[in-house]
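Just so we're on the same page: letters track the sequence lines, and every chain starts at 1. All values below come from the heavy atoms of this structure, side chains included, with hydrogens, waters and symmetry mates left out. Because the structure is predicted, anything quoted here is derived from the model rather than measured.
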There are 2 protein chains.
Amino acid sequence: MREFKRKSRVLLIDDNADHLRGVKELITLESSYDVVGATTSANMGINLAKKYRPDIILMDINMPEKDGLQAIQELEKLDLGVKVIALSGYDDADLIFRAMKIGAKGYVLKTMASAQLIYAMDEVASGKIYLPTALTSRFFEFFQQSFKEENNVSSGENLLSYLTAREEEVLDLLTQGNNYKGIAGKLFISETTVKTHVNNIFQKLQVNDRTQAVLYALNNGFNKRQALRA
Amino acid sequence: MREFKRKSRVLLIDDNADHLRGVKELITLESSYDVVGATTSANMGINLAKKYRPDIILMDINMPEKDGLQAIQELEKLDLGVKVIALSGYDDADLIFRAMKIGAKGYVLKTMASAQLIYAMDEVASGKIYLPTALTSRFFEFFQQSFKEENNVSSGENLLSYLTAREEEVLDLLTQGNNYKGIAGKLFISETTVKTHVNNIFQKLQVNDRTQAVLYALNNGFNKRQALRA
DNA sequence: TTTGTCTTACATCTTTGGATTGATATTTTG
DNA sequence: CAAAATATCAATCCAAAGATGTAAGACAAA
């Protein structure tokens with residue numbers, strides 16, 4: 001019963017010892033979180049996380065020795081169920097994007113008010129993902145930018161569109177590494193028929209061999225098309 | 001001077017005529033936006049967009065005839081500078097993700113309060129991206145999920161790590177669709193040497209032919225490794 | 001109905017790819 | 001330094017892949 005409302009446990013990782021102390025005091029004084037550990041080393045932090053199983057980790061991602069992003073990735077791989085909030089001095093869109101991509105549950109700037117940090121912790125502790133509004137826009141800018149080329153690909157004029165349904169099936173099997181025999185077996189047709197299809201595919205995609213065909217398919221959104229239809 | 005504070009122009013696209021009328025009235029009465037067009041057809045909407053150059057488009061993305069997402073994609077390709085807000089009845093994470101991915105500047109549920117719709121329009125009109133808080137969480141859930149496999153790939157045990165530097169060079173050229181002759185020419189070594197390397201690559205990656213080797217490379221973060229070193 | 005496309009199939013021939021063995025020089029590493 | 005790994009090259013052999021031409025049946029559109 002007493003454990004029901006137990007304080008959430010926090011681990012702090014920040015190579016700047018001063019900042020580390022400051023945050024620790026801040027949390028101790030102004031919040032109801034338990035600081036179960038504080039270290040300036042990412043590797044040590046990972047070990048402490050394994051040992052103390054905190055609910056939340058505040059992780060500085062601008063560290064020289066070991067990259068904070070890498071540390072987050074390792075923590076995610078360990079699957080401890082810990083929620084990592086990235087701390088950074090920079091509102092760099094790329095950094096934010098990468099942190100969120102590898103599983104950070106929040107991203108807070110060091111310059112932000114202490115109240116905001118604690119609010120972020122509350123949100124994340126309750127299972128949400130927290131990004132300050134300003135950072136959310138930056139994130140989306142980057143997000144949309146990074147998908148811009150990809151979208152052009154799938155909407156652009158595409159030699160794949162000249163393929164017949166059967167040829168697409170054959171190409172799909174090619175992109176899975178099948179040889180003639182394998183394709184023939186899977187489509188229940190003769191090997192010579194497969195050869196015919198494959199040759200037609202080469203003509204239409206203007207390539208010389210199967211590897212180039214597969215590469216063309218992958219680089220031009222072939223899998224996405226398939227996915228959309230399924 | 002008078003044009004400085006001119007009303008922002010809005011185009012409405014929604015296959016549900018009733019809803020279309022409702023939104024039009026709402027905007028006319030309760031906001032300072034000019035509705036320059038309203039249509040139930042996605043294709044017509046695209047034409048109207050070209051003609052009237054609205055600042056904002058409210059696009060229903062659940063339409064039977066033509067998919068709203070496709071329409072957004074076409075609009076983005078036209079590069080009219082118009083900001084599209086996706087309207088949907090569903091807070092489906094995948095839908096939200098796809099809409100934002102192709103360049104939507106906002107996503108609003110039809111069930112949301114009218115004030116929120118207008119707020120979203122204001123935000124988007126001023127160049128921001130607007131997602132209701134609840135949808136932002138859904139978006140991030142999906143976002144992180146969709147990158148989960150990819151992250152495992154780059155951190156997982158990887159047969160690519162057994163390759164020598166030279167073999168990596170050869171594999172790189174393989175992933176560009178080169179044959180033996182092409183690789184030999186580019187590396188200034190004999191074709192038989194290339195064959196040796198390629199055979200060693202097959203052994204190490206446990207594959208049977210070049211297509212499978214290329215697929216293994218692409219599926220296991222080979223390009224990313226290269227990029228990191230460059 | 002005719003035309004065209006798609007799918008199936010085969011034969012033939014040439015080229016490329018892949019496996020194996022063996023050899024030598026260079027580089028890395030213990 | 002000595003041993004091990006790497007990079008280079010060659011010959012050979014068989015299998016697979018690719019090019020080309022031909023053709024019949026299905027089916028849809030004009």
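Judged by distance alone, the side chain of Lys105(A) and the main-chain N or O of Ile129(A) form no donor-acceptor pair under 3.5 Å.
Here the C1' atom of nucleotide dA16(D) and the CG atom of Asn179(B) are 15 Å apart, to the nearest Å. Straight-line distance from the CZ atom of Arg166(B) to the P atom of dT26(C): 15 Å, rounded to whole Å. For the pair Glu168(A) CD and dC6(C) P, the interatomic distance rounds to 12 Å; values are reported in whole Å. At whole-Å resolution of the value, CD in Gln212(A) and P in dA17(D) are 15 Å apart. Going from atom NZ of Lys181(B) over to atom C1' of dT14(C) covers 13 Å, rounded to whole Å. Atom CD of Glu167(B) and atom P of dA5(D) are 13 Å apart (whole Å). Atom pair Asn208(B):CG and dA17(D):C1' shows a separation of 15 Å (rounding to whole Å applied). Spacing between atom CG of Asn178(B) and atom C1' of dG17(C) amounts to 15 Å, rounded to whole angstrom units.
Between Arg166(A) and Glu169(A) a salt bridge is recorded (basic side-chain N to carboxylate O distance below 4.0 Å). By the 4.0 Å N-to-carboxylate-O rule, Asp14(B) lies close enough to Lys110(B) to be salt-bridged with it. With salt bridges taken as basic N to acidic carboxylate O contacts below 4.0 Å, one links Asp91(A) and Arg138(A).
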State the dot-bracket string of DNA chain C. Criteria: Watson-Crick or G-U wobble, both atom distances under 3.5 angstrom; notation: ( ) intrastrand, [ ] crossing earlier pairs, | interstrand, . unpaired. ||||||||||||||||||||||||||||||

Evaluate the ring-ring contact (aromatic ring centres under 6.0 Å, His included) criterion for residues Phe97(B) and Tyr107(B): first the C-alpha distance (whole Å), next the side-chain angles of each, then the deciding distance (0.1 Å), finally the verdict. CA-CA 10 Å; Phe97(B) 185 76; Tyr107(B) 190 106; over 10 Å; no

Are Tyr216(B) and Phe202(B) close enough, and set up right, to give a ring-ring contact (aromatic ring centres under 6.0 Å, His included), and what steps lead you there? CA-CA 10 Å; Tyr216(B) 184 92; Phe202(B) 291 167; over 10 Å; no

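For DNA chain C, the neighbouring residues in residues 184-204 of chain B, judged by any heavy atom under 4.0 Å, are Lys195(B), Asn199(B), Phe202(B).
Under the 6.0 Å distance and 45° angle rule, Arg98(A) does not count as a cation-pi partner of Phe142(A).
Between Leu159(B) and Leu205(B), the closest heavy-atom pair is CD1-O, 3.6 Å.
Looking at which nucleotide of DNA chain D each of Asp209(A) and Ala165(B) is closest to, the 5′-most match is held by Ala165(B).
Residue Tyr180(B) places at least one side-chain N or O under 4.0 Å from the OP1 or OP2 atom of dG18(C).
In this structure, a donor-acceptor pair under 3.5 Å is absent between the side chains of Thr39(B) and Ser41(B).
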